[in-house]
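Note sheet for the following structure.
Starting from 1, each residue takes its place in the sequence as its number. Keep in mind the model is a prediction, meaning the values are calculated, not measured.
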Amino acid sequence: MSDATDATDARGVGQMRQAILDRVLRTAVEKADAPGQLRFTERQLYYEMCRVLQPWHRAPRRAQFTSAPALTYDAYRATLLRHGPESVPGLLPPAVPATRRAAGRHTPEADLFDYGLPRLLVCESDDIAAMLRANGVPMESACPVYGASELPLDPGVLRMLALAEHGTVYLLHDASARGLTFPARFARSVDVPEGVRVVPLGLRPRQAGALHLVHGRGPAYAAVPAHGPAPFVVGGTSAGAGAAAGPGLGFALSRREREWLRRGRFVELAAVNPASLIRTVHRLVREVRPPRSQLTELRQVRRAGFLSWPTA
């Protein structure tokens with residue numbers, strides 16, 4: 001009799017948990033879609049569910065920390081599959097890496113590469129690149145968006161960057177030990193024309209902490225770099241404040257950031273709210289300066305040439 005009762009109780013608890021997660025999923029879809037008709041990835045929706053369950057993102061930015069996931073990814077996927085991914089408005093399918101080939105071969109226009117291209121964005125994550133494209137970033141900011149799997153860039157695209165005055169390649173990467181190496185990996189894989197700037201935008205651990213993003217945890221590291229990547233100019237030294245003549249050391253990682261990385265922690269770009277990520281990318285690739293803060297730390301971050309991310 002007790003075994004039957006225990007089984008009934010367990011089913012009741014399981015059904016209640018499913019009902020709660022179903023409601024959390026619906027709320028997360030609304031937040032990921034806000035302010036309306038945005039496209040977002042499965043991992044972005046997962047992090048929205050974590051924020052609904054644990055709204056640490058509302059805490060003051062001066063208290064820098066990241067938080068552990070409030071929900072396992074398996075539990076999230078089970079909830080999503082129970083509803084059916086195709087029934088979630090705005091949800092993008094996972095990006096499928098195409099056969100590795102040079103990018104920029106999507107149009108038959110013969111004179112496409114005869115014009116200057118002032119800026120271009122390359123994302124470490126193919127899913128984030130697809131999400132930004134789906135939300136109109138290339139058209140609205142006149143900035144083509146590529147994922148890392150689409151490298152190397154077509155020589156014609158590189159020629160367009162060289163034709164533009166102050167052509168710039170912006171890089172978006174995760175806040176992780178590997179993510180901080182993305183600018184160096186990009187420089188090794190792409191023959192960037194002389195005079196073109198390469199500007200890493202983030203994410204860095206301190207920025208993730210200010211936004212109270214959800215972190216993951218991988219294998220611990222015996223050592224991590226003491227510095228993050230710096231903006232640089234290929235073959236020149238005159239690309240503005242903070243720009244070096246080649247890939248090199250940029251901002252110094254604080255002791256807290258290094259310890260955070262050493263423990264194997266990381267934050268994906270997908271952990272940033274979709275609307276916030278889109279607004280930040282638009283502002284940064286257009287080089288629109290935010291209002292100057294009175295906080296010394298934020299002034300130092302801006303002088304170093306790295307982004308400050310919005311709170312919402």
Donor-acceptor contact present, side-chain Arg119 to main-chain Ser141, <3.5 Å: yes
Pairwise distance NZ(Lys31) to CG(Leu45) - rounded to 0.5 angstrom: 12.5 Å
Sidechain N-carboxylate O distance under 4.0 Å for Glu259, Arg262: yes
Heavy atoms from other residues, nucleotides or ligands near CD of Gln37 exceed 12 (cutoff 6.0 Å): no
Centroid-centroid under 6.0 Å between Phe65 and His212 rings: yes
Criterion side-chain contact (heavy atoms from CB on, under 4.5 Å) on Asn273 and Glu48, from CA distance to verdict: CA-CA 7 Å; Asn273 170 266; Glu48 286 298 332; 2.9 Å; yes
Nearest-0.5 Å distance, CD of residue Glu194 to CG of residue Leu161: 14.0 Å
Validation row: His173, Pro183 side chains within 4.5 angstrom (heavy atoms): yes
Sub-4.5 Å side-chain heavy-atom contact between Phe40 and Leu92: no
Main-chain N/O of Met131 paired to Asn135 side chain as donor or acceptor, under 3.5 Å: yes
Flag side-chain contact, heavy atom, 4.5 Å: Arg159 against Tyr115: no
Distance, nearest 0.5 Å, that separates CD1 of Ile20 from CG of Leu25: 14.0 Å
side-chain hydrogen bond (donor to acceptor under 3.5 Å, both in side chains) assessment of Thr66 paired with Trp260: CA-CA 10 Å; Thr66 57; Trp260 185 87; 3.0 Å; yes
Co-membership, hydrophobic cluster, residues Val190 and Leu120, 4.5 Å side-chain: yes
Thr41 side chain to Gln44 backbone, donor-acceptor under 3.5 Å: yes
Check: Arg51 main-chain N/O paired with Gln54 side-chain donor or acceptor under 3.5 Å: no
Arg82, CZ atom: more than 12 neighbouring heavy atoms under 6.0 Å: yes
Neighbour count above 12 (heavy atom, 6.0 Å) for Arg178 CZ: no
Criterion side-chain contact (heavy atoms from CB on, under 4.5 Å) on Ile128 and Val145, from CA distance to verdict: CA-CA 10 Å; Ile128 292 297; Val145 179; over 6 Å; no
Shortest non-hydrogen contact between Tyr170 and Val285, atoms and distance: OH-O, 3.6 Å
Minimal non-hydrogen separation, Pro69 against His215, with atom names: CD-O, 3.4 Å
Derivation and outcome, side-chain contact (heavy atoms from CB on, under 4.5 Å), residues Arg26 and His83: CA-CA 10 Å; Arg26 289 192 293 271; His83 282 258; 4.2 Å; yes
Nearest atoms (heavy-atom pairs only) where Arg204 meets Ala175: C-CB, 3.7 Å
Test item: Glu150 side-chain N/O and Gly147 main-chain N/O as donor-acceptor pair under 3.5 Å: yes
Under-4.0 Å salt bridge between Arg263 and Glu257: no
Within 45° cone and under 6.0 Å: Arg77 NZ/CZ vs Tyr46 ring: no
Shared hydrophobic cluster for Phe266 and Tyr76 (ILVMFWY, side-chain gaps under 4.5 Å): no
Residues Glu268 and Tyr47: side-chain donor-acceptor under 3.5 angstrom: yes
Trp56-Val267 co-clustered via ILVMFWY side chain contacts under 4.5 Å: no
Salt-bridge criterion met for Asp127 and Arg43 (N-O under 4.0 Å): no
Leu171/Val199 under side-chain contact (heavy atoms from CB on, under 4.5 Å): CA gap, chis, key distance, verdict: CA-CA 6 Å; Leu171 305 177; Val199 180; over 6 Å; no
Contact summary for Phe182 and Ala148, nearest pair of heavy atoms: CE1-CB, 4.0 Å
ILVMFWY network linking Leu71 to Met16, side-chain heavy atoms under 4.5 angstrom: yes
Reported CG-to-OG distance for the pair Leu80 and Ser87, which is rounded to 0.5 angstrom: 7.5 Å
CG-CZ distance between Leu284 and Arg279, expressed to the nearest 0.5 angstrom: 12.5 Å
Interatomic spacing from CG in Leu163 to CG in Leu158 - rounded to 0.5 Å: 11.0 Å
Exam field: side chain Glu124 to backbone Asp174, donor-acceptor pair closer than 3.5 Å: yes
Pairwise side-chain contact, Leu38 with Ile278, heavy-atom cut-off 4.5 Å (strictly under): yes
Heavy atoms from other residues, nucleotides or ligands near CG of Asp22 exceed 12 (cutoff 6.0 Å): yes
Non-hydrogen atoms of Leu91 and Pro85 that approach each other most closely: CD2-O, 3.7 Å
For the student: nearest non-hydrogen atoms of Tyr146 and Val157, plus distance: OH-CG2, 3.8 Å
Pro89 and Asp33, any side-chain heavy atoms less than 4.5 Å apart: no
Short side-chain to backbone donor-acceptor contact, Asp126 and Ser149, under 3.5 Å: yes
